Structure formats: C-alpha cells, structure tokens
Protein chains: 2
Amino acid sequence: MSDSTFHVDLAQMIEQIVGKLSRFFDMTEEMADGIRVLCKDSTEFARGTLLIEADQPYQKVFLVRQGWAVRYKLLPSGDRQIINFALPGDFLCFNASIFGTSDHFVAAKTFLQTFAFDIAPFQHMLTSYPAMALAMSWANAHEEAVLAERIASLGRRSARQRMAHLFCELWRRLQLLGLTEQGAFPLPVTQEDLGDTLGLSVVHVNRTLRRLSADGLIAREHGLVRILDMGRLQQVAGFEDGYLHFTELAARRR
Amino acid sequence: MSDSTFHVDLAQMIEQIVGKLSRFFDMTEEMADGIRVLCKDSTEFARGTLLIEADQPYQKVFLVRQGWAVRYKLLPSGDRQIINFALPGDFLCFNASIFGTSDHFVAAKTFLQTFAFDIAPFQHMLTSYPAMALAMSWANAHEEAVLAERIASLGRRSARQRMAHLFCELWRRLQLLGLTEQGAFPLPVTQEDLGDTLGLSVVHVNRTLRRLSADGLIAREHGLVRILDMGRLQQVAGFEDGYLHFTELAARRR
DNA sequence: CGTTATGTTGACGCGAGTCAACTAAGGTGG
DNA sequence: CCACCTTAGTTGACTCGCGTCAACATAACG
C-alpha cells in the first residue's frame, strides 16, 4: 500500500477504477468524486497470496487494477475447482460482502494491484449513483454469464473443446483490455491450474495442449499463448462470443 | 393473465413477490406500495413454453410465483446444457434486461405462474428503495453461488456424487420454500433434463439413479424424490450447504 | 548448483458415452 | 374405453476419452 500510486491523473484513475465498464457507461463529475474518495486504499498482493478464504467473514471488496487472480473451491475430497479468473477491471469478493461470508477462496496468480473498498461506503456509492449501480449490475451479470458458459463447457464439451474455448474467451476478454499483442495473450497459470479450471487431470491438460500445438492452432511460448489460427480455434471450441455481451456494450455507447 | 389472482391480501402478495427474500429483508410500507404497482402484471405459462430465446432482445423480468423453469444453452453441436433450475422466489431474465439480449433459453418445466415486470419501472424501484436493491443483489449473488457450486460438481465430482449433490441442493432450496413433505421433494423433470444438467448421458443418469435407489439413499415415486438417508447422501455428495448462505440469512434476521 | 515446482511421456484401467432393443406410461382421437 | 402413438424409462454390450500411476525431463529459484 503506497501513496505514490496516487500521482496519476484523475481520468486515468477513473479508467482504472471502473475498468472496462467506464468505456461504456456515462459518468458525471460527481461520481468521479465519489470514486476518488473510495479509491484511497490501494492494496497490492504478492503472487500466491490468499485474498480471502472460504467460510471466513468478508473484509473488503476489491477491484483488480493489474494482474490475475483466481476464485476457487476446495471440495471435501481435497480436489480443487477453479471457478474463474479475475482480470483487470473485475471485482472480487462483492458477493462475499453481500453474504457476510465467502464460499470460496481467492488467490493472486501474479503480483496483483487492487483498489480495496470497505463495503459500507461502497454500498453507499452504489445507492447514491444509479449509474454506478447499473455498472455493478452489468459486472455481476457479465460474471454470471461467464460462469454459465463454463458450465456448458464442463457439461458438454470435450477436453480439446474446453481448452480451445477457454483460450478464445481469454483472448476476447484480454483484447478488450488491450492486454493482447500480435495474436498472443499472457497466461500466467500452470497446467495444473488449467486442469482445475477445466475439470481435467494435469496429464490430460498436457496432452491436449500439445495436440492443439501440433495441429497448428496455438503455440506456447514462456507464459504466452499465441493463437495461430483463430478461425479454426473458434470452430473447434464452438465459440460464440455473444455471451460476453461486448458488442452490445460498444453499440450502446454509440 | 387474470385479474382474479389479485384478490389476495397485500401481505401474502408481498410474500410472493420477494419470495424467500422477504423473510430476511425489512420492508417499509412505501416499498410495499411500489411493489403493489409493479405486480399488476401476473403472467402464466403452460408447461414447455419458452419464456425467452437466446439472442433475442429481452422483454421482461420475471419473478417465479409457482412452478419450475429451466435456463439452458444450446451449443453449436446441438447439445443442450441446463444452467440451473428456477424455483418460486427466483428471478428470471434479470441479466437479459441488463444486457438487452439473452444469452440462453428459459422454458417452463411445469405450469408456471410469474409476475412480469417491465425493466424500466423495475429498475426505478431498485434505485428508489435501497433495501430492494440489496435484496436483488442478494438474489444475484445467491444465483451465482449456485452456479459456482455446479461448476465444482461438473469439474470434480463423479456422476454419483453430482446426482447426490443436486438432490441435496434441491432439498435445501425447496425446504426453505416449504415445498418438501416428509422427506420427499418434487422433481418435475425427465432423466434427460437431469443429464443435461449434470453433464451426463440419459443412459448413465438412469443407471446412477437406480444405483442410488438400490443403495437405499433415495426412492423415486411418480415425480417425487424421497430421501431415505440424508446423512449418507450428503456424505456421498460431499455436500456442504454453506454456499447457499441460508443460515446467515436466518441469523441476520435475529 | 542442488532442490523443488512444473512439464512430458507411456502403459494401463475405468467411468461414462454410444448403440440398440425393449418396456412402460401418458395422451389423443375414434 | 380401447387402439394407437409418442415420450420417457430401462437394460446389456461394446467403445473410448480421460484418469491414474510411474518415471523422467526441464525450468525456476534461492
């Protein structure tokens, strides 16, 4: 937590705060003020740090500024299931703050920069600024849509299709954030993480990745995934980006 | 749609409207008035009716009063994946109203009674009454928690465990609504529906159900599931009800 | 420069899918 | 009220995708 991070101009800060949402929802100067007050508390986490544990009372709501986090569950059997990846612009622990208790773990997969809000003033801002509440609703609905699509993957897609689908999804989400480069996107997770995300064993993740590479669909290079043939990858995945609702967002802005 | 359904007293109507939420959140008389206006439009659907289709513009937000509905996706391959079951007290199409377009289908599994809200006045009520917005947040968070647990099931549980877990979950949800009787709950869905929910083939659903019966965990009787040994069923499922957050709700009320 | 986390590969087994045939139940019209 | 038809449920035989086990390779890291 350092004050030096606050010597950014307001516009940039707002951009960070509402993340991708700020591009699509109008904001008044009043809201900007409210946000400025809220965002006094910037918090950073080292890679591997737990932000919250299951069954623990909540502490804060976090907004990711930079880095990746994972939400996951530990089953009584000891197995782990990753629910989803949180990227810059995503909120964390909002639900925990509603419930008062978390039902899952959240951990930093990379060095993680966040804004941390106490729930009371955060809720107050939502009730004060309907546009912020709408943005929050959008964020929640978006997250739920991603979970629903993951359910479809786990229930009805093969290992190869799941992997391809995950890559298509990450590509689109990161692209919107401007975090892709020349057909490649960062993937700072282990093959075990991928397995726990897609419901596969590590061994099968490995085989699936190598097969996707061998087929010329992707290439893996040092924490990056390069998409070599997006058309075929989407076809393999059965990927249709409608559930992300990015195009409607862009349209609304016009 | 008939006016005769409105000759119920206000208290009962409110109870229906906010469903299980009304037991846990305080309501003012003003809110009750707002709700009364909103709920003028009661809508019923025959079994099998589609309430909304994927890629279609939204129409309404629905609150289930009675009956079951399913939310599901159709993949490009033609496979179907059921996302979840909507029970009395659950909202439908709220996300579609946020996005402006639905990313999934919603169909009535039984004769279905709902309140149908136009999105504009509904949103207006949420901004007017923070307690309603909080209740809505709770409902959203709850739904997302259920999806997250389904992800864990699909990713890391066996067919037997998934089935047991689904039954435990439905039992708890229906119990809260007072819709269980003597250890049994209604399950108005086909084995194909169960398969599309749990990511299994119909054949395997059948075998799994028979094995659970043979083991004395459940009994199936004409649209009902009777739980014969809840302790063992929960153990098989690895069921821990924390993710439903029902106990916190009850505690909050005290 | 050892030590630990991560990635890779082969052999083998099992849980769940597929195919196919049949039974039972529900609904509809004559 | 039966004859028919369609939908839902049941069971066995066979197949295969993916898990498990085990050994090893490589990269990350202090």
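None of these values were measured; they are calculated from a predicted model. Computation of the quantities below employed the complete heavy-atom set of this structure, encompassing side-chain atoms and omitting hydrogens, waters and symmetry-equivalent molecules.
Ranked by how close their nearest DNA chain C nucleotide is to the 5' end, B/R160 and A/E192 are led by A/E192.
Judged as a side chain to side chain contact (heavy atoms under 4.5 Å, CB included), and not counting sequence neighbours, the contacts of A/A116 are A/D41, A/T43, A/K60, A/F62. B/T180 meets the side chain to side chain contact (heavy atoms under 4.5 Å, CB included) test with B/W171, B/L174, B/Q175, B/F185; sequence neighbours excluded. With sequence neighbours left out, B/H104 forms a ring-ring contact (aromatic ring centres under 6.0 Å, His included) with no residue at all. Considering only residues two or more places apart in sequence or on other chains, B/V236 meets the side chain to side chain contact (heavy atoms under 4.5 Å, CB included) condition with B/R160, B/A164, B/L217. In terms of the side chain to side chain contact (heavy atoms under 4.5 Å, CB included) criterion, residue partners of B/Q182 (sequence neighbours excluded) are, by chain and number, B/R226. The ring-ring contact (aromatic ring centres under 6.0 Å, His included) test applied to A/Y58 returns no partner, not counting sequence neighbours. Checked against side-chain hydrogen bond (donor to acceptor under 3.5 Å, both in side chains), A/E240 has no partners two or more places apart in sequence or in another chain.
Remark: A/R157 engages A/E149 in a salt bridge, criterion side-chain N to carboxylate O under 4.0 Å. A salt bridge links A/R173 with A/D90: the closest approach of a Lys/Arg side-chain nitrogen to an acidic carboxylate oxygen falls below 4.0 angstrom.
As rounded to whole Å, 18 Å separates atom P of C/dT23 from atom CD of B/Q191. Atoms CG (A/N206) and P (D/dT20) sit 16 Å apart, rounded to a whole Å. The separation between B/R157 atom CZ and C/dG15 atom P is 18 Å, rounded to whole Å. Counting to the nearest Å, the P atom of C/dT8 and the CZ atom of A/R210 are 4 Å from each other. Between the P atom of D/dT10 and the CZ atom of B/R211 lies a distance of 15 Å, rounded to the nearest Å. Atom C1' of nucleotide D/dG17 and atom CG of A/L154 are separated by 16 Å, given to the nearest angstrom. For the pair B/Q161 CD and C/dG15 P, the computed distance is 12 Å after rounding to whole Å. Distance B/D193 CG to D/dA8 C1': 11 Å, rounded to the nearest Å.
Within 4.0 Å (heavy atoms only), B/T208 reaches no atom of the nucleic acid at all.
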Please list, for nucleotides 12-14 of chain C, all pairs of protein and nucleotide N/O atoms separated by less than 3.5 Å.
none

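With B/Q81 contributing its side chain and B/T197 its backbone, the two residues share a donor-acceptor pair below 3.5 Å.
In the region residues 195-205 of chain B, proximity to DNA chain C at under 4.0 angstrom, judged on heavy atoms, holds for B/G199, B/L200, B/S201, B/V203, B/H204.
Taken over five-pair windows at either terminus, the axes of the helix from C/dC1-D/dG30 to C/dG30-D/dC1 are inclined to one another by 50° (rounded to 10 degrees).
Residue pairs meeting the salt bridge (Lys or Arg N to Asp or Glu O under 4.0 Å) criterion with at least one member in residues 180-200 of chain B, sequence neighbours excluded: A/R156-B/D196, B/R80-B/D193, B/R80-B/D196, B/K109-B/D193.
No option in A/L200, A/N206, A/L187, A/T208 other than A/L187 meets the side chain to side chain contact (heavy atoms under 4.5 Å, CB included) test with A/L194.
Donor-acceptor pairing under 3.5 Å is recorded for the side chains of B/R65 and B/S42.
The shortest non-hydrogen separation linking B/A54 to B/D103 is CB-C, 4.1 Å.
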Open item on the list: Each nucleotide in nucleotides 24-30 of chain D should get exactly one letter: B, S or -. Can you fill that in based on protein heavy atoms under 4.0 Å?
Closed with: ----SS-

